[in-house]
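Report on the following structure.
In what follows, every heavy atom counts, from backbone to side chain, and hydrogens, waters and symmetry copies are set aside.
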Amino acid sequence: MESYPPLWQDLKITNSMPAAALTAWLKRAEHSGYNLRSATITSHDYNDKCRNHIMRIKRRSKLERLELRIPSGSASIPAMLPDPSQYLKTLVVTSGSWVLISLVKQIMADYTHLEHVEFHGVPERDSPSSWPEMPNLQSIVLRALSVHSNMIAGSHGLVLAWVSLSSPTCQRKISHEQNDLIKASPNMKSAKIKNWTNEAVPGIVDMAGWTKLTHLDISGTQFTCLPVFPSTLVHLEAEGARLSLADDSELDQKKDFFHLPKLEYLGVINSGFFDVVNDLANLALASGSLKELYVGDNGPITTNSRNSWLKSLPAPSSSLTTLSLHEEVELPENIIIALLRQYPNLQDVILSYTSATGSTLRELFERKNKPAYVDMEGCEGCYYDAVEAARKVGIEVAHQLAPKKKVNKGGRHPGT
């Protein structure tokens with residue numbers, strides 16, 4: 001056992017681990033010449049035992065990764081961390097611990113070698129202080145806790161200053177002499193900025209400075225203008241994101257606003273970004289890079305925009321393999337069928353709780369290149385005979401309907 005380093009370098013501590021067992025483990029690891037490399041501390045209660053475990057671990061001078069899964073509330077996270085060193089590269093703090101944005105910036109200023117950080121419980125309001133220089137940071141998760149923002153951070157202050165903002169629609173520019181998040185982290189590759197609102201600082205969120213960014217998740221975040229995404233994006237998740245456009249002319253003025261030729265994944269479920277879905281997806285569809293497209297649960301579909309699927313469909317593509325229209329109840333079946341015909345090589349099709357019927361399913365099971373999976377849950381107009389026909393040709397079909405009962409010549413069900 002001692003000859004296998006991960007047993008002695010990667011430690012997971014839970015509530016059930018006695019202090020004596022941790023002591024014995026640490027002594028054995030040190031006796032065998034190992035340095036603790038990774039530690040995850042999980043506790044259901046921020047009690048003395050949990051605090052003692054944290055104190056023992058923070059003394060490890062060569063710790064590379066630390067994850068805190070504890071309900072510490074507003075207790076100081078910086079006090080739980082080891083001394084700043086060149087070794088600590090990854091820090092994860094789950095939602096049970098609230099980390100003020102000012103403390104996030106303090107941590108990033110002290111631990112300059114961090115490459116990956118996650119803060120899942122950040123009060124919503126930002127502080128006016130600038131972000132420190134973070135040239136080593138490549139991945140960040142900042143998840144706002146809106147429910148605690150007033151209680152912890154007060155009702156005043158700016159929302160997250162993650163980018164410089166300008167507002168041409170308001171005929172003014174909001175300048176920041178201090179570093180914003182994007183300027184401070186030029187080597188970012190993955191960012192999850194979730195559940196933040198932006199209404200207090202209207203303007204364009206310009207992310208073009210993230211020239212290496214490939215993965216972006218803005219779920220639940222609110223924008224007052226169309227943001228500028230970096231053209232390097234491969235994965236864009238915007239579920240539940242809000243987009244407040246001044247008027248429809250704003251879209252027409254920015255016809256070529258989005259330039260995402262490398263996009264492979266696009267998620268705009270229950271999102272204001274569905275209003276610009278064609279603009280987001282078309283270049284990637286045309287280039288053949290887009291493989292997965294998730295829309296749905298978006299409410300009434302407008303007809304006065306070039307992005308409206310009632311007016312124009314997104315570009316065709318032979319590369320798209322996954323299409324989800326889950327709960328897109330406002331989309332007529334003829335549009336759904338026309339949309340499916342744009343993508344002849346689909347393998348996973350989610351049509352649950354839409355207007356799709358057996359006719360839609362027939363469009364799929366009569367194809368030369370049939371999908372492997374079709375979700376028809378909640379499609380009340382799709383009967384069992386169509387599902388059975390699709391299954392007979394090898395398609396896995398999810399649905400909630402029982403087989404149709406046999407009817408006798410008199411028009412009554414047997415036994416009635």
Ion pair check, [X] and [Y], cut-off under 4.0 Å:
X	Y	result
E264	K262	no
R306	D279	yes
E237	K194	no

Task: Pairwise side chain to side chain donor-acceptor pair (under 3.5 Å) hits with a residue in residues 313-327, at least two apart - done: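 Found H326-S352.
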Open item on the list: With side chain to side chain donor-acceptor pair (under 3.5 Å) as the rule and sequence neighbours excluded, what pairs involving residues 78-88 come up?
Closed with: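 Qualifying pairs, neighbours excluded: none.
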TODO: Please identify each residue that fulfils ring pair (Phe, Tyr, Trp, His ring centres under 6.0 Å) with F274, with sequence neighbours left out.
DONE: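 Per chain and number, F274 pairs via ring pair (Phe, Tyr, Trp, His ring centres under 6.0 Å) with W309.
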TODO: Could you pull out all residues at least two apart from Y294 that satisfy ring pair (Phe, Tyr, Trp, His ring centres under 6.0 Å)?
DONE: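 Partners of Y294 by the ring pair (Phe, Tyr, Trp, His ring centres under 6.0 Å) criterion, ordered by chain and then number, come out as Y265.
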Considering only distance and modelled atom types, tabulate donor-acceptor pairs under 3.5 Å from the side chains of residues 331-342, sequence neighbours left out.
residue, atom, partner, partner atom, Å
E333, OE1, T357, OG1, 3.2
E333, OE2, T357, N, 2.9
E333, OE2, T357, OG1, 2.5
E333, OE2, T360, N, 3.3
E333, OE2, T360, OG1, 2.6
R341, NE, E363, OE1, 3.1
R341, NH2, E363, OE1, 3.4
Q342, NE2, P314, O, 2.8

Determine yes or no for a side-chain-to-main-chain donor-acceptor pair under 3.5 angstrom, with [X] supplying the side chain and [Y] the backbone.
X	Y	answer
R391	V397	yes
K370	L346	no
Y34	E2	yes

TODO: With sequence neighbours left out, write down each residue that passes side-chain hydrogen bond (donor to acceptor under 3.5 Å, both in side chains) with R143, or none if nothing qualifies.
DONE: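 Per chain and number, R143 pairs via side-chain hydrogen bond (donor to acceptor under 3.5 Å, both in side chains) with no residue.
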Task: Between NZ on residue K12 and CE on residue M17, distance to nearest 0.5 Å - done: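 Reported value, rounded in 0.5 Å steps: 13.0 Å.
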